[in-house]
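Here's the structure, in structure tokens; my notes come after.
In what follows, residues are counted from 1 in the order of the sequence shown. These numbers come from the heavy atoms of this one structure, side chains and all, not from hydrogens, waters or symmetry mates.
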Amino acid sequence: MKLDNEFLFLTAFAFVIFSAIAFFFGRFTDHLRRHSRRPLPPRAFLLAFRLWFSALALGALALLLFSRHGLFAPVK
């Protein structure tokens, strides 16, 4: 099966963006805590936010690798 380069680029870009958000959100909230007087959101919200973007990143990675037009697509 022929690789779809636009699909691969889009899913790779989504994976990078979602994983960067999930990874750096903790550092971003630490930066806000130091440089702002506003209270931080509850820890449960921060954890849910990071888990949500981690799940989105894993979904984009699964699409990138194992979808119909992915890198390890089934050959017919």
Side-chain angles (χ1 to χ4, degrees):
M1 183 165 279
K2 183 180 167 188
L3 289 177
D4 186 4
N5 292 333
E6 294 165 352
F7 175 77
L8 293 177
F9 175 75
L10 180 68
T11 54
F13 184 71
F15 170 70
V16 168
I17 293 298
F18 291 150
S19 60
I21 289 172
F23 185 71
F24 290 113
F25 191 69
R27 293 182 184 173
F28 177 69
T29 56
D30 289 342
H31 175 76
L32 283 180
R33 182 175 45 92
R34 285 191 301 257
H35 299 291
S36 177
R37 291 185 178 194
R38 286 189 226 151
L40 288 177
R43 298 282 296 164
F45 175 76
L46 300 177
L47 180 64
F49 187 87
R50 290 182 79 179
L51 286 174
W52 173 252
F53 277 97
S54 297
L56 287 175
L58 287 175
L61 181 64
L63 281 176
L64 177 65
L65 296 178
F66 303 115
S67 69
R68 184 176 179 188
H69 298 287
L71 293 176
F72 299 117
V75 178
K76 289 187 178 180

> Among the clusters formed by ILVMFWY side chains lying less than 4.5 Å apart, do Leu51 and Phe45 turn up in the same one?
Replying inline: no
> For Phe9, which residues count as a side-chain contact (heavy atoms from CB on, under 4.5 Å) partner, sequence neighbours excluded?
Replying inline: none
> Quick one: CZ on Phe7 to CG on Leu71, what's the gap to the nearest 0.5 Å?
Replying inline: 9.5 Å
For a quick test of your reading: what N or O donor-acceptor pairs under 3.5 Å do the side chains of residues 52-62 make, sequence neighbours left out?
| unit_1 | atom_1 | unit_2 | atom_2 | d |
| --- | --- | --- | --- | --- |
| Ser54 | OG | Arg50 | O | 2.8 |

Which pairs would a plain distance check flag for residues 17-41, meaning a side-chain donor or acceptor within less than 3.5 Å of a matching protein atom at least two apart in sequence or in another chain?
| unit_1 | atom_1 | unit_2 | atom_2 | d |
| --- | --- | --- | --- | --- |
| Ser19 | OG | Phe15 | O | 2.8 |
| Ser19 | OG | Val16 | O | 3.1 |
| Thr29 | OG1 | Phe25 | O | 3.3 |
| Thr29 | OG1 | Gly26 | O | 2.8 |
| Ser36 | OG | Arg38 | N | 3.2 |

>> Please give me the minimum heavy-atom distance between His69 and Leu8, naming the atom from each residue.
In response: O-CD2, 3.7 Å
